[in-house]
Amino acid sequence: MTSFQAPRGTTDILPDDQRDRLAVQRVCANLAEKFGYAPILTPTFEDSDLFLRTTGESTDIVQKETYTFDDRGGHSLTLRPEGTPGVCRAYLERGLHNTPQPVRLYYIMPMYRFERPQAGRFREFWQFGVEALGDSDPAIDAEVIELAWRVLESFGMTDVTLLVNSIGDAESRPAYLDALRDYFAPHADSLSPDDQRRLRENTLRVLDSKDEEVQPLLPDAPKSIDYLSDESKEHWNSLLQSLDALGIRYEIDHTLVRGLDYYTRTVFEFVPPDARRQSTILAGGRYDGLIEELGGQPTPGIGFAMGIERVVAEAKKRGTLTSPDRRTTVLVAHIGDAAKASGLRLASELRRAGIAAVLGPPRGLRSQLRYATSIDATHAVIIGDDEIANDTVVLRDLSQGEQSEMSRGSLLELLG
RNA sequence: GUGAGCGUGGCCAAGUUGGUUAAGGCGCCAGGUUGUGGCCCUGGAGAUCGAGGGUUCGAAUCCCUUCGCUCACCCCA
């Protein structure tokens, strides 16, 4: 056992796993591009205040899950626990708000949360996410949800459930929160300390509670959609119509509120059939006040984030990961010093001709060929004194088990 | 932050009423054709039993602490 281990909640992603992940990422990127989203990458850490102002001081994520530290200059920095704040900060800082609107962006980046590791939950994990900024039309809500759906669909996850809700806008929110507080007030004493705190500080979250004292109260609790402003109501109805038109099935969940402070109007979540609320694989919503909160002009936005690890696990379970066809790979085996030097040059030539080539390890021929098998090489080129003397090489097809001697020129021609 | 289970070579893993050199399999390296793979055969390297401390003549096997892993809660992607 070595004395160093990867930090808790982190892991090394070994080749087989990384190939699966890259396959998933490719699908995400391709679909995002197809929907007109452009790639963006933001810093791994940001000014700590960015997350306080956006994600929200009262959220669990900011309250107890951030990696926050002072750098050597005394500035408080935080490893991003989610992608949206950084993307919105970049949108403002880099002048994307002065480019044609809406701006459609997508990212694939690691996130950091100091949580107790568990199935599908890590301290460092990757998210694929999209943000559509500068458009409040419900059609773009539908577009974002459709993109999410297409991604999951392409991994065969058509049995996931889409939950949607509208939690209203800045105008309608206060009245709704009052209604919620009034509704729960008579029961406040019987609620858990956690829920009592939620009721005071983050009222919406009470709807999210799994506490058995709260559960029976939820069905009759005031519904946010009954308190929507006319504008938000119209937005909500229009979104549902669009989803219907796109043939995307959904369930309206009046208790869906999401864990981040910045959400307004549309919120949605995709959950697997078995675990339901337990293991969300993709979730998002609209955040029309976020850009303004960061000092920009009032700018609507909507997006989602998807857990790469969770999707990889699901896709693996279903066997829906597509592995690219195996490319021609050549192992250049050599016998003797002269042949080794010659092989070194040949491997280089092959690569420049676009063929993957690996020089055999400094061992006997038998061992080099065994190695060729172990790295899934499709061919072996064998060079020894005879070949050098004749200025030829032996090309062995490892799947057929046949080989023949030829000039280097015809080798390149044959493989290229 | 709470609860439960677990931690033996790279991987899987036997071994627990404490007692000589800690099984086996996979993988790895070598040899079996002084230049030939995938199967097979033979041999070899590799762990002091997560770490630290304690009990004991003696511990992988008992006790304490600690780190980590897994699962659940909380929360989230």
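Sequence lines set the chain letters: A, B, ... in the order given, protein chains first and strands last, and positions in each chain run from 1.
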J.: As a test of reading the structure: which of B:rC67, B:rA77, B:rC74 is closest to the side chain of A:R113, going by heavy atoms?
T.: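 Minimum distance to the A:R113 side chain belongs to B:rA77.
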J.: When the distance from CD of A:E269 to C1' of B:rA77 is rounded to whole Å, what number comes out?
T.: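 So the CD-C1' distance, A:E269 to B:rA77, works out to 9 Å.
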J.: Please tabulate, for the side chains in residues 10-27 of chain A, all donor-acceptor contacts under 3.5 angstrom to protein atoms that are two or more places apart in sequence or on a different chain.
T.:
residue : atom : partner : partner atom : Å
A:T10   : OG1  : A:P7    : O            : 2.6
A:R21   : NH1  : A:E309  : OE2          : 3.3
A:R21   : NH2  : A:E309  : OE2          : 3.2

J.: Nearest of B:rA77, B:rG37, B:rC67 to any side-chain atom of A:T373?
T.: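 The listed nucleotide nearest to A:T373's side chain is B:rG37.
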J.: Assign A:E82 to base, sugar-phosphate, or nothing according to its heavy-atom contacts below 4.0 angstrom with the strands shown.
T.: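 Result for A:E82 = nothing.
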J.: Under 4.0 angstrom, heavy atoms only, what part of the nucleic acid is A:R396 near: base, sugar-phosphate, or nothing?
T.: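 Answer is base: heavy atoms of A:R396 come under 4.0 Å of a base.
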J.: Taking the P atom of each, how far is B:rG7 from B:rU16, in whole Å?
T.: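 Taking atom P in both B:rG7 and B:rU16, they lie 13 Å apart.
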J.: What is the distance, rounded to the nearest whole Å, between atom CZ of A:R8 and atom C1' of B:rG1?
T.: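 My rounded result for the distance is 12 Å.
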J.: Confirm from the modelled atom types if A:Q5 and B:rC69 form a donor-acceptor pair under 3.5 Å, side chain to base only.
T.: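 Side chain to base: no pair present.
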J.: Grab the CG-P distance between A:L398 and B:rC39 for me, whole Å please.
T.: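 After rounding, the gap between these two atoms is 13 Å.
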J.: Tell me, please, which residues at least two apart from A:T320 pass side-chain contact (heavy atoms from CB on, under 4.5 Å).
T.: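 By the side-chain contact (heavy atoms from CB on, under 4.5 Å) rule, A:T320 matches A:F155, A:A315, A:R318.
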J.: Does A:R366 contact B:rG31 through a side-chain donor or acceptor facing the base, at a distance under 3.5 Å?
T.: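 Donor-acceptor pair under 3.5 Å: no.
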J.: What is the distance, to the nearest angstrom, from the CZ atom on A:R116 to the C1' atom on B:rC67?
T.: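 To the nearest whole Å, that distance equals 12 Å.
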J.: Any side-chain donor paired with an acceptor under 3.5 Å for A:D261 and A:T59?
T.: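 Side chains of A:D261 and A:T59: no pair found under 3.5 Å.
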J.: Which value, in whole Å, describes the distance between the P atoms of nucleotides B:rG9 and B:rA22?
T.: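 To the nearest whole Å, 15 Å.
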J.: Grab the CG-C1' distance between A:L395 and B:rG35 for me, whole Å please.
T.: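 About 16 Å, once rounded to whole Å.
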J.: When you measure only distances, ignoring hydrogens and angles, does the side chain of A:Q368 come within 3.5 Å of the base of B:rG35 through a donor and an acceptor?
T.: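 Per atom types, no contact qualifies.
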J.: Using the C1' atoms only, state how far B:rG18 lies from B:rC62, rounded to an integer number of Å.
T.: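 Nearest-Å result for B:rC62 against B:rG18 at atom C1': 8 Å.
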J.: Atom CG of A:L365 and atom P of B:rG32: how far apart are they, to the nearest Å?
T.: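 The answer, rounded to whole Å, is 12 Å.
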J.: Go through RNA chain B and write down every stem, that is, every run of at least three consecutive Watson-Crick or G-U wobble pairs with distances under 3.5 Å, as range with range.
T.: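 In RNA chain B, stems of three or more pairs: B:1-7 with B:67-73, B:10-12 with B:24-26, B:28-32 with B:40-44, B:50-54 with B:62-66.
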